[in-house]
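Read through the structure below, which is laid out as structure tokens, and then see the notes.
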There are 2 protein chains.
Amino acid sequence: MAPRIVDKEAKKNQIIQAALQVFAKNGIAKSKMIDIANAAGVGKGTIYEYFRSKEEIFAEAYNTFFADMKESLITHIAEVDDPVEKLNLLSNLSFSFLDSESRDFAAVMMDFWAEGVRTKNDEMLEIVNLKRTYTEYRTLISQIVREGIQKGIFKKVDVDSYSAILIAALDGILLQTIIDPNIINLVNVEKTLSETLISGLKK
Amino acid sequence: MAPRIVDKEAKKNQIIQAALQVFAKNGIAKSKMIDIANAAGVGKGTIYEYFRSKEEIFAEAYNTFFADMKESLITHIAEVDDPVEKLNLLSNLSFSFLDSESRDFAAVMMDFWAEGVRTKNDEMLEIVNLKRTYTEYRTLISQIVREGIQKGIFKKVDVDSYSAILIAALDGILLQTIIDPNIINLVNVEKTLSETLISGLKK
DNA sequence: TTTTATTGACCGACCGGTCAGTATTAATTT
DNA sequence: AAATTAATACTGACCGGTCGGTCAATAAAA
């Protein structure tokens, strides 16, 4: 009556982080349980002490990933006041997300996206809730734009449509950059985006 | 010495069309050879008379799909003169692509995209050449914008960046619409896009 | 010694691809 | 014009490999 004790939470997290790395490297479909186990430095069976299935790992990894990302965005944006600056910052953070060490994570993100679109598994759809994710991001932008309109800085555009378009543009640039990192000059794109889509909001 | 003769080309096409439908319904990874065979109304073995592998079907379906789409875009755009109208038309065609019966094909398109991003198969990457696809679309837009600048209608923006952004916005709206068809009002988005990104080009 | 934690050999479902056998067609022969 | 022949076209049972998940055995801690 004196059992062995481990930090369950820590080990679970260790497996999630390992899974994220493996997902980033091989894509979700091609990531095998044994790969994740090896990356986490545990036996394959051990994973099943912490997760019921491969899908469950995937779901928890997804939630961890997006929760971190959203929190980071909100924190940074709260630090500036001017709505134009907020939007430019949002754009800038999205672009810097593409730099160097984050590149792999961008690939995971797209993989998550594709998985969410293609899955017919209801439980999965509930967890990898792309509807919710996009709605949250659109809401984030809507608030900024609405604030700008109230302050009399922005002209009165259709806020919902504009939010969708800005998210779409950032998303789409991310796609193109993942596909072909060299052909797109991110500095120029960021500048042009600011000059057209964002500045275009100003009265 | 008098063999049975079938229209190889027609039957090959029949299999490709069946494959496209199955891909649209289940996603590529979950589409089994037997599903494609059943949809095409042939035996599984017959498929291997026309294609060497599942990947080869996929590749040919991809090329058929995008070749058709691009040809349609170019034809329609050539019918108008004004660069602003051309861009609005491009936007309009992209949005109408999302309507009703095309919805499934949009899903295939995204699946192609995801497959292209994730594959580590070199031969595959060569055929499902997303770099080329995106470059072709950017070139299409670049030409229109450059024409507008030459005619003195557009202000001098960074043409390459602008092209990437417009494609990105259209792509991104497509993503959001596939995810959640009801929440986005395509008519409003198209209007807002025209008022901001496209009209913003005018001097 | 007892309880918890870990492991990897093993199982079985699944699926892409093969191939031996069958069907179909049309030229040739009778 | 019927029968024969020979070539192509088609088929699905089967094979081999893969991989998610299980569990009996073992290790580690207290």
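We name chains A, B, ... by the order of the sequence lines, and we start the count at 1 in each one. In this text, all values refer to a predicted model and were calculated from it rather than measured experimentally.
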Problem set entry | Side-chain donor or acceptor of B:Ser199 paired with backbone N/O of B:Ser194 under 3.5 Å | yes
Exercise. Any ion pair linking B:Lys11 and B:Glu49 (charged N to carboxylate O, less than 4.0 Å)?
Worked result: no
Problem set entry | C:dA5 OP1/OP2 closer than 4.0 Å to side-chain N/O of A:Lys8 | yes
Exercise. With a 4.0 Å cut-off on heavy atoms, is A:Phe51 in touch with a base, just the backbone sugar-phosphate, or nothing at all?
Worked result: nothing
Exercise. Could B:Lys12 and B:Phe51 be counted as a cation-pi pair, given that NZ or CZ must be under 6.0 Å from the ring centre and within 45° of the axis?
Worked result: yes
Exercise. Has A:Lys8 got its NZ or CZ under 6.0 Å from the middle of the six-membered ring of A:Tyr50, at an angle within 45 degrees of the ring axis?
Worked result: yes
Exercise. When you check every protein heavy atom under 4.0 Å of nucleotides 15-20 of chain D, what one-letter string (B, S, -) results, 5' to 3'?
Worked result: ----SB
Exercise. For D:dT11, does either OP1 or OP2 sit under 4.0 Å from a side-chain N or O belonging to B:Thr46?
Worked result: yes
For this session: Write down the distance between CD1 (A:Ile36) and C1' (C:dT6), rounded to a whole number of angstrom.
Result: 18 Å
Seminar exercise, completed: In whole angstroms, the gap separating P of C:dA5 from NZ of A:Lys12 amounts to 14 Å
For this session: Before giving the answer on side chain to side chain contact (heavy atoms under 4.5 Å, CB included), spell out for A:Tyr137 and A:Leu73 the whole-Å C-alpha distance, their side-chain angles and the decisive distance to 0.1 Å.
Result: CA-CA 10 Å; A:Tyr137 280 110; A:Leu73 272 183; 3.4 Å; yes
Exercise. Mapping B:Gly45 and A:Glu49 onto DNA chain D by nearest heavy atom, which one lands closer to the 5' end?
Worked result: B:Gly45
Exercise. Once you round it to whole Å, what is the distance between C1' of D:dG21 and OH of A:Tyr50?
Worked result: 18 Å
Problem set entry | Integer-rounded Å distance: C:dT3 C1' and A:Ile5 CD1 | 10 Å
Problem set entry | Residue of the set A:Asp160, A:Leu166, A:Val159 for which side-chain contact (heavy atoms from CB on, under 4.5 Å) holds with A:Tyr162 | A:Leu166
Exercise. Can you tell me how far P of C:dG8 sits from CD1 of A:Ile47, to the nearest Å?
Worked result: 12 Å
